[in-house]
S.K.: 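Sharing a structure, written as structure tokens. Questions coming.
Below, chain A is the first sequence line, B the second, and so on; all start at residue 1.
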2 protein chains.
Amino acid sequence: MLTISQLASYAGVTVRAVRHYHAKGLLAEPKRDRSGYRRYDAAAVVELIRIRTLADAGVPLSRVRELLAAGGEEFAAAVADIDQRLRGEIRERQRHRERISQLAAGDSLALPPVAVAYLDRMRDFGFRERLIEIERDSWILIAAQIPEQVPAFMAIKHAQIEHETLRRLYLDVGDLVDCAPDDPRLPALADRVADFLEAAAAEAAAAEEQQPISDDLIALLDAAFVQSFPCATRLLELLEERGWTGWTNIRRKEPEARWRIGDRTGKGLPDPH
Amino acid sequence: MLTISQLASYAGVTVRAVRHYHAKGLLAEPKRDRSGYRRYDAAAVVELIRIRTLADAGVPLSRVRELLAAGGEEFAAAVADIDQRLRGEIRERQRHRERISQLAAGDSLALPPVAVAYLDRMRDFGFRERLIEIERDSWILIAAQIPEQVPAFMAIKHAQIEHETLRRLYLDVGDLVDCAPDDPRLPALADRVADFLEAAAAEAAAAEEQQPISDDLIALLDAAFVQSFPCATRLLELLEERGWTGWTNIRRKEPEARWRIGDRTGKGLPDPH
DNA sequence: TCCAACTATGACCCAGCGTCAAGGTCAAGA
DNA sequence: TCTTGACCTTGACGCTGGGTCATAGTTGGA
């Protein structure tokens with residue numbers, strides 16, 4: 001008669017595994033000797049090897065019993081099932097490999113290549129790194145919500161950044177990214193933004209109407225902007241004085257505002273569902 | 001400010017996952033409102049999306065923090081590491097697929113094709129199914145211990161089974177597989193076995209010396225034989241009377257026997273290590 | 001005011017064992 | 001005979017990535 005460690009070593013498994021199989025009901029508990037030790041016969045070795053053979057072939061322990069008892073057809077069906085699971089797991093890892101290599105290639109997480117290209121273009125033009133990070137985070141949010149619309153928006157953004165007047169305006173916004181709310185340059189900047197919007201109002205409105213974004217996302221993006229840009233609240237106030245409201249989706253102020261940027265009460269961010 | 005479910009749905013994860021990331025220290029706990037509810041800002045959404053992006057690429061959570069903080073080089077190194085792990089997991093599943101398909105092809109678990117062929121040959125010759133099962137179990141044990149020697153032994157067995165006199169002897173052993181220990185045919189069978197051994201002694205000894213098997217394995221195989229063959233003990237006794245000892249490795253009885261077949265005291269099966 | 005939907009914490013669950021912990025047993029050497 | 005080291009026993013926690021209750025407090029709209 002064999003002790004548990006002899007049994008285990010004959011079958012090439014650990015003692016712990018044998019006990020585990022007992023606990024799972026895969027291997028019958030043998031009789032005990034007078035001191036309570038398990039004592040096995042040769043048949044137990046054969047059974048344990050059969051269990052291991054299945055387990056080593058990727059059969060989950062929960063199905064081992066079924067397969068040990070199965071005849072040809074059931075066995076084949078179960079094997080087909082397990083093989084399908086294995087293929088699924090392989091495909092999953094392969095997708096993971098693709099994704100992770102893309103992450104390693106791009107310099108920024110969770111962004112499509114077009115967006116990374118846009119951020120690089122901003123660097124080319126000498127935008128401040130802080131502002132680029134704010135942009136990056138905005139696009140992470142957008143890509144997470146409406147990934148299919150990102151290319152269209154990126155096309156607009158690329159056009160905008162190549163537009164000299166607009167680019168200078170952006171650059172100047174970037175220069176004030178860390179300024180205090182009472183910075184004297186803010187009102188002048190607000191004037192320029194308002195002037196530009198007046199000049200390009202029709203054009204901008206048309207572009208924005210093309211792809212409507214949900215209010216939720218706009219509110220989230222505005223909130224992100226305000227949080228990472230200390231004097232943003234002040235700038236938005238100045239713009240409101242000049243008849244414009246919002247930032248992500250800036251538009252002429254209407255008589256009654258339905259939501260406000262920087263609103264921290266939660267009203268501006270209803271459940272997106 | 002966002003509630004946890006709003007945060008979760010913006011990032012496309014479950015509330016439970018968010019709390020799990022808090023518990024793991026991946027996502028900073030936000031401030032609470034007066035009722036103890038977590039309140040998030042837009043930056044938390046970005047951070048959560050970054051975490052999900054990594055997790056969705058197969059990065060284990062335990063490494064996510066490291067990768068979020070990593071610069072280009074460290075990131076690349078970590079990615080290479082993770083990719084290697086993924087490849088290993090893929091290879092493992094592929095091996096599993098191979099093994100399991102082999103199991104589905106062969107009619108018996110844990111046996112190499114040569115052994116399956118031998119068992120089929122036994123069926124051709126009309127051996128009893130019980131005896132075939134005993135053979136199968138023996139070969140499972142052998143294949144588990146010394147897989148590399150199985151083909152050599154199988155060659156011997158194939159030769160033996162094609163040898164008519166020997167085959168008839170085996171067949172008659174098989175016919176007595178379920179007999180009682182006092183069956184009158186047993187002594188006659190023992191005589192025939194002894195006679196055959198006398199005649200083929202030199203030959204058999206030479207064949208067995210070729211590939212020595214460990215005493216442990218021989219004892220295990222003999223024990224398996226005795227357990228599944230009720231009158232085996234009696235048959236072995238009769239053979240001992242005729243000057244032969246053992247079964248798996250049957251040989252002339254020596255003046256002092258170092259181990260005995262069917263010995264249930266454990267002495268015959270020392271730790272194989 | 002009530003109810004549905006949310007939030008909080010805590011705990012158990014899955015696989016397949018590895019790894020202590022704490023104590024009992026056994027065989028052999030001094 | 002005592003000791004020592006190698007076994008044996010059960011029980012419990014750990015890992016991964018959360019899912020799924022359970023119980024209780026909160027919120028918001030009708």
S.K.: Ignoring hydrogens and angles, write down the donor-acceptor pairs under 3.5 Å from the side chains of residues 58-69 of chain A, residues two or more places apart or on other chains.
M.R.:
from, atom 1, to, atom 2, distance (Å)
Arg63(A), NE, Glu66(A), OE1, 3.4
Arg63(A), NH1, Asp81(A), OD2, 2.4
Arg63(A), NH2, Glu66(A), OE2, 2.8

S.K.: Does Ile213(A) reach the side chain of Asn249(A), with side-chain heavy atoms less than 4.5 Å apart?
M.R.: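 No, every pair of side-chain atoms sits at 4.5 Å or beyond.
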
S.K.: Taking atom C1' of dC8(D) as reference, at what distance in whole Å does atom CD of Glu29(A) sit?
M.R.: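 About 13 Å, once rounded to whole Å.
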
S.K.: Could you tell me whether the phosphate oxygens of dT20(D), OP1 or OP2, come under 4.0 Å of any side-chain nitrogen or oxygen in Arg19(B)?
M.R.: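 No, no such contact exists.
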
S.K.: Mind calculating the distance between NE2 (His22(B)) and P (dG18(D)) to the nearest angstrom?
M.R.: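 So the NE2-P distance, His22(B) to dG18(D), works out to 14 Å.
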
S.K.: Find the distance Arg38(A):CZ to dT25(C):P and express it as a whole number of Å.
M.R.: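 Those two atoms, CZ and P, are 16 Å apart.
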
S.K.: In this structure, how many angstroms lie between the C1' atom of dC17(C) and the CG atom of Leu48(A), rounded?
M.R.: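 It is 14 Å, rounded to the nearest whole Å.
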
S.K.: Step through the shown structure and confirm whether more than 12 heavy atoms of other residues, nucleotides or ligands are within 6.0 Å of CD on Glu73(B).
M.R.: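 At most 12 heavy atoms, drawn from other residues, nucleotides or ligands, come within 6.0 Å of this atom.
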
S.K.: Over all heavy atoms of both residues, which pair between Trp244(B) and Arg251(B) is shortest? Give the atoms and the distance, please.
M.R.: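 So the two residues come closest at CE3-C, 3.4 Å.
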
S.K.: If you assign Ser62(B) and Asp33(B) each to the DNA chain D nucleotide with the nearest heavy atom, which residue ends up on the more 5' nucleotide?
M.R.: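 Taking each residue's closest nucleotide, the earlier one in sequence belongs to Ser62(B).
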
S.K.: Which whole-number value in Å describes the distance from Leu7(A) CG to dC7(D) P?
M.R.: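 Rounding to the nearest Å, CG of Leu7(A) and P of dC7(D) are 15 Å apart.
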
S.K.: For Ile4(B) and dT26(D), give me the distance from atom CD1 to atom C1', rounded to whole Å.
M.R.: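 Result: 15 Å.
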
S.K.: Contact class for Arg63(B) vs. all strands (heavy atom < 4.0 Å): base, sugar-phosphate, or nothing?
M.R.: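 Counting heavy atoms under 4.0 Å across all strands, no contact is made by Arg63(B).
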
S.K.: Which atom pair, heavy atoms only, marks the closest approach of Leu141(A) to Leu220(A)?
M.R.: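 Answer, listing the atom of Leu141(A) first, then Leu220(A): CD2-CD2, 3.9 Å.
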
S.K.: After noting the C-alpha distance and the side-chain angles of Asp216(A) and Ser214(A), does the key distance pass the side chain to side chain donor-acceptor pair (under 3.5 Å) rule?
M.R.: CA-CA 5 Å; Asp216(A) 292 339; Ser214(A) 78; 4.8 Å; no

S.K.: Which nucleotide in the set dT10(D), dG18(D), dG19(D) lies at the smallest distance from any side-chain heavy atom of Thr14(B)?
M.R.: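 Shortest atom-to-atom distance from the side chain points to dG19(D).
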
S.K.: Please figure out whether Tyr40(B) or Pro60(A) has its closest DNA chain C nucleotide nearer the 5' end.
M.R.: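 Nearer the 5' end of the strand: Tyr40(B).
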
S.K.: In whole Å, what is the span from the NE2 atom of His96(B) to the P atom of dG16(C)?
M.R.: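 In whole Å, dG16(C) P lies 11 Å from His96(B) NE2.
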
S.K.: Using a cut-off of less than 4.0 Å, is there contact between a side-chain N or O of Lys24(A) and OP1 or OP2 of dA15(C)?
M.R.: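 Yes, because at least one side-chain N or O of Lys24(A) sits under 4.0 Å from OP1 or OP2 of dA15(C).
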
S.K.: Using a distance-only criterion (donor-acceptor N/O pair, under 3.5 Å, no hydrogens), is the base of dG17(D) paired with the side chain of Tyr21(B)?
M.R.: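 Under the 3.5 Å cut-off, the side chain and the base do not form any donor-acceptor pair.
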
S.K.: Arg52(B) near the nucleic acid: base, sugar-phosphate alone, or nothing, with a heavy-atom cut-off under 4.0 Å?
M.R.: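 Counting heavy atoms under 4.0 Å across all strands, the contact made by Arg52(B) is with sugar-phosphate only.
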
S.K.: Would you say the side chain of Ile146(A) lies within less than 4.5 Å of the side chain of Ile142(A), judging by non-hydrogen atoms?
M.R.: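 SC-SC contact between Ile142(A) and Ile146(A) confirmed.
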
S.K.: Kindly point out which of dT7(C), dT25(C), dT10(D) is positioned nearest to the side chain of Tyr37(A)?
M.R.: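 Ranking dT7(C), dT25(C), dT10(D) by closest atom to the Tyr37(A) side chain puts dT25(C) first.
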
S.K.: Give the rounded distance in Å between these two atoms: CZ of Arg39(A) and P of dC8(D).
M.R.: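 Taking atom P of dC8(D) as the reference, CZ of Arg39(A) is at 9 Å.
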
S.K.: Using a 4.5 Å cut-off on heavy atoms from C-beta on, say whether the side chain of Thr245(B) contacts that of Ile250(B).
M.R.: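 Not in contact.
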
S.K.: Of all the nucleotides listed (dT25(C), dA8(C), dC26(C)), which has the minimum atom distance to the side chain of Arg34(A)?
M.R.: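 Of the options given, the side chain of Arg34(A) lies nearest dC26(C).
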
S.K.: Note down the inter-axis angle between the two ends of the helix from dT1(C)-dA30(D) to dA30(C)-dT1(D), five pairs each, to the nearest 10°.
M.R.: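 Result, rounded to 10 degrees: 30°.
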
S.K.: Taking only N and O in the side chain of Arg32(B), is any of them less than 4.0 Å away from OP1 or OP2 of dT9(C)?
M.R.: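 For dT9(C), OP1 or OP2 has a side-chain N or O of Arg32(B) closer than 4.0 Å.
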
S.K.: Could you work out which one of dT16(D), dT7(C), dG16(C) sits closest to the side chain of His20(A)?
M.R.: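 Output: dG16(C).
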
S.K.: Does any N or O donor sit under 3.5 Å from an N or O acceptor when you compare the side chain of Arg16(A) with the base of dT19(C)?
M.R.: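 Indeed, a donor on one side and an acceptor on the other fall under 3.5 Å apart.
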
S.K.: Please state whether the phosphate of dT7(C), meaning OP1 or OP2, lies under 4.0 angstrom from any side-chain nitrogen or oxygen of Ser35(B).
M.R.: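 No, no such contact exists.
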
S.K.: Among dC7(D), dA15(C), dG17(D), which nucleotide has an atom closest to any side-chain atom of Ser5(A)?
M.R.: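 Selected nucleotide (nearest to the side chain): dC7(D).
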
